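Have a look at the structure below before the remarks.
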Number of protein chains: 2
Amino acid sequence: MKKKITLKQIARELDVSISTVSKALSGSKEISEDTTQKIQAFAKLYNYKPNNIALSLKNRKTKTIGILIPEIVHHFFSTVIRGIEKVANRRGYNVIVGLSNESFTKEIINMELLANGSIDGFILSISKETLLKQDYHHFNATISQGIPIVMFDRVVNEVACDKVIVDDFNGALKAVNKLIENGCKNIALLTTMDYVSVGRLRTQGYLKALENHKIFANSDLILKIDDSLNVENHIEILETEIHNFLKINPTIDGIFAVNELYAVTAMKVARKLGYKIPDDIQVIGFTDGVLSKHATPSLTTVSQHGEKIGEQSANLLIDRLEANDIENDKYFIEDDSKADYIKMVIETEIIERESTK
Amino acid sequence: MKKKITLKQIARELDVSISTVSKALSGSKEISEDTTQKIQAFAKLYNYKPNNIALSLKNRKTKTIGILIPEIVHHFFSTVIRGIEKVANRRGYNVIVGLSNESFTKEIINMELLANGSIDGFILSISKETLLKQDYHHFNATISQGIPIVMFDRVVNEVACDKVIVDDFNGALKAVNKLIENGCKNIALLTTMDYVSVGRLRTQGYLKALENHKIFANSDLILKIDDSLNVENHIEILETEIHNFLKINPTIDGIFAVNELYAVTAMKVARKLGYKIPDDIQVIGFTDGVLSKHATPSLTTVSQHGEKIGEQSANLLIDRLEANDIENDKYFIEDDSKADYIKMVIETEIIERESTK
DNA sequence: TTTCAACACGAAAACGTTTTCGCAAATAAT
DNA sequence: ATTATTTGCGAAAACGTTTTCGTGTTGAAA
C-alpha cells in the first residue's frame with residue numbers, strides 16, 4: 001500500500017526544506033535550476049499531487065459546489081445535474097449532491113452539513129414541504145454566512161439570490177396556443193395543487209391563452225390532482241380520476257398537462273375510452289423526458305431545457321464565487337444587501353411529436 | 001455577513017485558550033462546570049459548528065464517498081445513487097458525484113481529482129470506453145493508494161475489490177422461461193454488442209433457458225444492435241432495424257430485450273406491423289424504469305433493484321472504511337493482497353404487466 | 001509547615017499546504 | 001577593498017481542529 005506522498009516526505013528525502021519543495025513544484029524563480037529539476041523529477045516519479053483538503057483549508061475555499069435537490073430519480077433533475085457537472089468540471093469545480101426527498105428537515109440538515117466548510121456555494125431547488133411551510137430561514141442564514149445560493153426551477157421571492165427559472169407561463173401559453181390553432185375547442189388542463197409556484201404559472205399561461213383567443217375558461221375543464229407524498233402508487237388513482245374526468249366532459253378535444261406523466265396517462269385513458277390521438281383529442285405535456293419521447297403515440301411537449309438550466313446555474317454561482325474572491329482581495333467587501341441578483345429565465349421550446357396534428 | 005465563528009474567536013472573546021474551548025464543547029471532564037457552561041452557551045449563541053475541512057485534515061478522512069458513473073440521466077443509475085445516498089447519509093457520509101460520460105479519460109481525470117484527499121472511497125460503474133480498452137490501471141492505482149473501491153453493475157475481474165452485481169444471467173433465464181411457459185415458440189433476443197459483460201450474461205441466460213427446454217437456438221432470432229456513442233438520435237435507426245428484423249422473421253411470438261428502450265421500441269414497431277400484444281407477441285424487457293411502467297401496454301420487466309444495489313454498495317464500502325480504521329488503530333496493517341473481497345449478487349425479480357399473458 | 005493529589009487550564013504539535021520574510025553567500029558596483 | 005545587490009534557500013505563520021503533555025493553584029493529608 002503506497003500512501004500518497006507529501007511535501008514533507010519529499011523534503012526529507014531530498015534534504016531540502018518544505019518551502020523549497022513547494023516553490024520548486026510551482027516553478028518559482030526563487031529556486032535554482034538544479035534543485036527545481038531534481039525536485040520535479042522526484043515528484044513525478046512518486047506521482048505527487050497536492051492534498052486537496054490541505055489546500056481547501058489554506059485557501060478557505062473548496063472548489064466544490066453543493067447541489068441540493070428534492071429527488072434524483074427524476075429526468076428533469078438529472079438533466080440539470082448533468083448541466084451543472086459539465087460547467088463545474090470545465091471551470092475546475094466538483095459537485096457534491098444532497099437529496100432533500102421533498103422534506104423540510106432533510107433540506108436543513110443537508111445544508112448545515114455542507115455549509116460547514118465542505119462547499120463554496122449551493123445550487124438548489126426547494127422541497128415541496130419547505131414551499132408549503134414557507135419557512136426559508138435556512139436559506140437566508142446560509143447566505144448571510146457568506147455562502148452564495150443559486151436557486152433553480154422552484155424558487156421563491158423571499159430569498160435574495162440568483163435564480164434560474166423556466167418560463168412556465170409562456171411555455172404553457174405557447175402550448176395552449178398551439179392546441180387552439182390546431183382547432184381544439186374544449187381544452188382541458190391537467191394540473192397539480194398549486195402551492196408549487198411552477199404549477200400556478202402554468203395554469204396562468206393556460207388561462208391567458210384562452211383569454212387571448214376569447215375562449216371562456218370553463219373551470220369544469222380543469223382537473224387538479226393531489227400529488228401528495230406517495231406518488232408512486234397513485235398511478236391507478238390518477239387513471240381513474242382522469243377516466244371520470246373525460247367521461248363527464250366528453251367534449252374535450254385537447255389536453256394540456258403540467259407534466260409528462262399526466263399527459264401520457266391521459267393518452268392511455270383516452271385511448272381506452274375509444275378516442276383516437278391526435279384525431280379526436282390532441283395532447284401536449286410539460287417536461288420533455290423519456291416518457292414523452294417513447295410513448296405511443298409520442299408526445300408533443302414543452303421542453304424545459306434542464307441541462308441548460310444546470311449550466312446557467314453553475315455559471316451564475318461560479319461567477320459570483322470568483323467575483324467575491326476579487327472583492328475580498330481588494331479588502332473591499334461590498335454591502336451584500338444591495339447586491340443585485342439575477343433572475344434568469346430559460347425559454348421553453350415546443351417539441352412537436354405525434355400527439356398533436 | 002456573519003462568517004462562521006471559529007474556536008479561536010470564541011477563545012479570544014471569552015479569554016480562555018483554544019484548547020479549553022475545544023474541550024468544553026466536547027464535554028471534557030478536564031474543564032470546570034462553570035467554564036463549560038459559559039463556553040457552550042456562547043457557542044450555541046453564535047451557532048458554532050466545527051469546520052469540516054479542518055476536521056478532515058486532522059483526521060485524515062473526509063467522511064465522503066466518491067460516486068463515479070457513466071451517465072446520470074439514466075433511471076438505473078439514479079436509483080443506485082438514491083440508494084447510496086440513503087445509507088451514506090444514515091451512516092454519516094456525504095456523496096460527491098463524478099460523471100465519466102462513458103469516456104476513459106474523463107474517468108481517470110475524475111478519479112485522480114477526487115483521490116487527492118477529497119474522498120475516502122469510491123463506488124463506481126465502469127465506462128464503456130474503459131471496458132473496450134480493457135485498461136484498468138487507474139483502478140488498481142487508486143486501490144494501492146489505500147483508497148477502497150466498490151464496483152457495481154459493470155464490474156471486471158481484473159480489479160480486486162468489492163463488487164455488487166445484478167444476477168443478469170438468472171434474470172434473463174427467468175424472463176425467457178416465462179415466455180416459454182407462456183407458450184412462445186420463437187423467442188427473439190434484442191441485445192447490444194457484448195463488450196459490456198452485462199449484455200453477454202443476459203445473452204447466456206437467454207440461451208440457457210432455450211437449452212433447458214430443448215429449444216434450438218436460432219441465431220437469426222438474435223438481433224445485436226450497435227449502441228455506439230450517439231444513442232439519442234439512433235432511435236429511428238433502432239426502429240428500422242427492429243422493423244426489418246420482425247419482417248424477416250414473421251414467426252416470432254416472443255421478444256426478450258436487454259433493456260427497456262429496446263423492449264418498448266419493439267412493442268411500438270410490432271404494433272405498427274399489426275401484431276397484438278401480448279396476444280401475437282409477448283415482450284419482456286430488462287431494467288424496470290419509467291418507460292416500462294407507463295408504456296401502453298405496460299411492459300413486463302426484469303427489475304434490477306437499483307436502489308438496493310446502491311445501498312449494498314455503500315454498506316460494503318463504509319464497512320471496509322471503518323474496518324480499516326480499526327486496523328490502523330491497532331498499528332497492524334494487514335497485507336491487503338490477501339484481503340478477501342466480496343462479490344454480492346442482487347437477485348432480479350420479474351414484474352408482470354400487460355405485455356405478457 | 002511540608003508534601004501530594006486533584007483540579008483547571010494553557011502551550012504546542014500535528015494534519016499538508018502556500019507564502020512572507022529573513023538571512024547568508026555570491027556576485028556586482030563603487 | 002568596501003558596499004550594494006542579487007541569488008538560493010529555510011523558518012515560521014496561517015488555515016481550524018484535536019489531543020498530549022505540562023504547569024500552576026488549591027485543598028487535603030502527613
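Letters A, B, ... mirror the listed sequences (proteins, then strands); counts begin at 1. Bear in mind that the values here come from a model prediction, so they are computed numbers and not experimental data.
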Name all residues meeting the ring pair (Phe, Tyr, Trp, His ring centres under 6.0 Å) criterion together with Y93(B); count only those two or more places apart in sequence or in a different chain, and write none if there are none.
-> none
Using atom CG of L14(A) as one end and atom P of dC9(D) as the other, report the distance to the nearest whole Å.
-> 12 Å
Using a 4.0 Å heavy-atom cut-off across all strands, classify T35(A) as base, sugar-phosphate, or nothing.
-> sugar-phosphate
Got a second to check how far M111(B)'s CE is from F122(B)'s CZ, nearest 0.5 Å?
-> 4.0 Å
Rounded to the nearest Å, what distance is computed from the CG atom of residue D15(A) to the P atom of nucleotide dG8(D)?
-> 19 Å
How long is the span from the CG atom in D120(B) to the OG1 atom in T62(B), to the nearest 0.5 Å?
-> 3.5 Å
Expected string for nucleotides 17-25 of chain C under the B/S/- scheme (protein heavy atoms, under 4.0 Å, primed atoms plus P, OP1, OP2 as sugar-phosphate) is BBBBB----
Nearest-angstrom distance from the residue atom CZ of R12(A) to P of dA11(D) | 14 Å
Rounded to the nearest angstrom, tell me the gap between atom CD in Q37(B) and atom P in dA8(C).
-> 14 Å
Sorted by chain and number, sequence neighbours left out, side-chain contact (heavy atoms from CB on, under 4.5 Å) with I5(A) holds for Q9(A), I10(A), F42(A), Y46(A), Y48(A)
L124(A) vs I69(A) side-chain heavy atoms within contact, under 4.5 Å | no
Which whole-number value in Å describes the distance from K38(A) NZ to dG8(D) C1'?
-> 12 Å
dC9(C) phosphate, OP1 or OP2: any side-chain N/O from S32(B) under 4.0 angstrom?
-> yes
Taking OP1 and OP2 of dG16(D), is either one under 4.0 Å from a side-chain nitrogen or oxygen of R60(A)?
-> yes
Are R320(B) and D162(B) close enough for a salt bridge, meaning some N to O gap below 4.0 Å?
-> yes
Which comes earlier along DNA chain C counting from the 5' end, the contact point of E33(B) or that of L57(B), where each point is its nearest nucleotide?
-> E33(B)
Could you state the CD1-C1' distance from I53(A) to dC15(D), rounded to the nearest angstrom?
-> 13 Å
